[in-house]
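Below, each value reflects all heavy atoms present in this structure, side chains not excepted, and no hydrogens, waters or symmetry copies. Whatever order the structure lists ligands and atoms in, that order sets their numbers, starting from 1.
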Amino acid sequence: MRVVALVSGQGSNLVALLEAIDGGRCAAEVVLVAADRPARAIELAAGRGIATATVPLRKGDDRAAWNHRLADAVAAARPELVVLAGFMRVLAPSFVRRFPRRIVNVHPALLPSFPGANGAADALAAGVRITGCTVHLVDEGVDTGPILAQAAVPVSQADDVMRLHKRIQRTEHRLLPAVVHAVATGALDLDGPTWRDEGALSDMPLYAPLLVR
Ligand code: GAR
């Protein structure tokens, strides 16, 4: 399955996806990594010989034109799935409509709680004792699309935002490749979205309870 990854940051989720692919745990191929700014994730992708594109959005730029440029770059790579792996821009409806039900995002909180750019910090500030991560389909809202998979992460009293976010990311690094693999194998049908095989995540310790019926 041809995957285009959109990134803005450090690229730890991208690396987790690439390692899962290399390790035979994810039946996908990342054909392009695109960013909205100069990003470490782009350097990591280029270092692995993956095609990259940076389509910067600067202050004062025309957002509609930027969305169009980015969508053109993504479409040229003929993706079967677009993965937002730490992509920190909100995509315009015009972008989302070019890849209907084929864009997934990883978010560092249990949506619909704590949407937006600071999922880990907002959960910590709210004092929840359990948070986690979500992989969801991207629709025209902000972090509002249908939820595909979630995993829980406990909050420790010793946590600060960085420590909590790092622990959430370690869980994201398992959940995101597993969901991409599920899409590639048909265990997850994005047109529902419907899990055709709910056991597809069951080799992840987090999903063991799904085996108990
Ligand atoms: C990830 O934790 C991801 O969930 C978050 O950005 C981080 C990127 O890390 N995304 C969002 O907050 C989107 N609203 P990475 O660049 O190391 O993968």
For ligand 1, which part of Q169 has a heavy atom less than 4.0 Å away: the side chain, the backbone, both, or neither? side chain

Following the transitive rule for hydrophobic clusters with a side-chain heavy-atom cut-off under 4.5 Å over Ile, Leu, Val, Met, Phe, Trp and Tyr, establish whether I147 and L84 coincide in one cluster. no

In terms of atom number and element, which parts of ligand 1 are under 4.0 angstrom from non-hydrogen atoms of H107? 4 (O), 14 (N)

Residue pair E19 / H173, side-chain heavy-atom distance below 4.5 Å: no

Looking only at protein heavy atoms, what sits closest to atom 12 (O) of ligand 1 is P108 CD, 3.4 Å

Mark the output for H165 as yes if a heavy-atom distance to ligand 1 is under 4.0 Å, and as no if none is. yes

Any N/O of L14 closer than 3.5 Å to an N/O of ligand 1? no

Between R58 and D36, does any NZ, NE, NH1 or NH2 come within less than 4.0 Å of an OD or OE carboxylate oxygen? no

Please write down residue, atom name and distance for the protein heavy atom closest to atom 13 (C) of ligand 1. M88 SD, 3.7 Å

Any N or O of E172 closer than 3.5 Å to N or O of ligand 1: yes

Closest protein heavy atom (residue, atom, distance) for atom 16 (O) of ligand 1: G11 N, 2.8 Å

Can you list the ligand 1 atoms lying under 4.0 Å from a non-hydrogen atom of V106? 3 (C), 4 (O), 10 (N)

Can you tell whether the side chains of R25 and D203 come within less than 4.0 Å, N to carboxylate O? no

Between R40 (side chain only) and S12 (backbone N and O only), is there a donor and an acceptor less than 3.5 Å apart? no

Specify the closest pair of heavy atoms between L14 and A5, including all atoms of both residues, with the distance to one decimal. CD1-CB, 3.9 Å

Contact check, side chains of R196 and T194, non-hydrogen atoms, under 4.5 Å: yes

Is the shortest distance from a heavy atom of A41 to ligand 1 less than 4.0 Å? no

Is there a side-chain contact between V4 and F99, using heavy atoms and a 4.5 Å cut-off? no

No-hydrogen, no-angle side-chain donor-acceptor test under 3.5 Å, H68 and S94: no

Among all the protein's non-hydrogen atoms, which is closest to atom 6 (O) of ligand 1, and how far away is it? G86 CA, 3.8 Å

Compare S12, S8, A121 and give the one whose heavy atom is closest to atom 15 (P) of ligand 1. S12

Nearest option to atom 14 (N) of ligand 1, as decided by whichever heavy atom of G116, G9, G119, A85 sits closest: G116

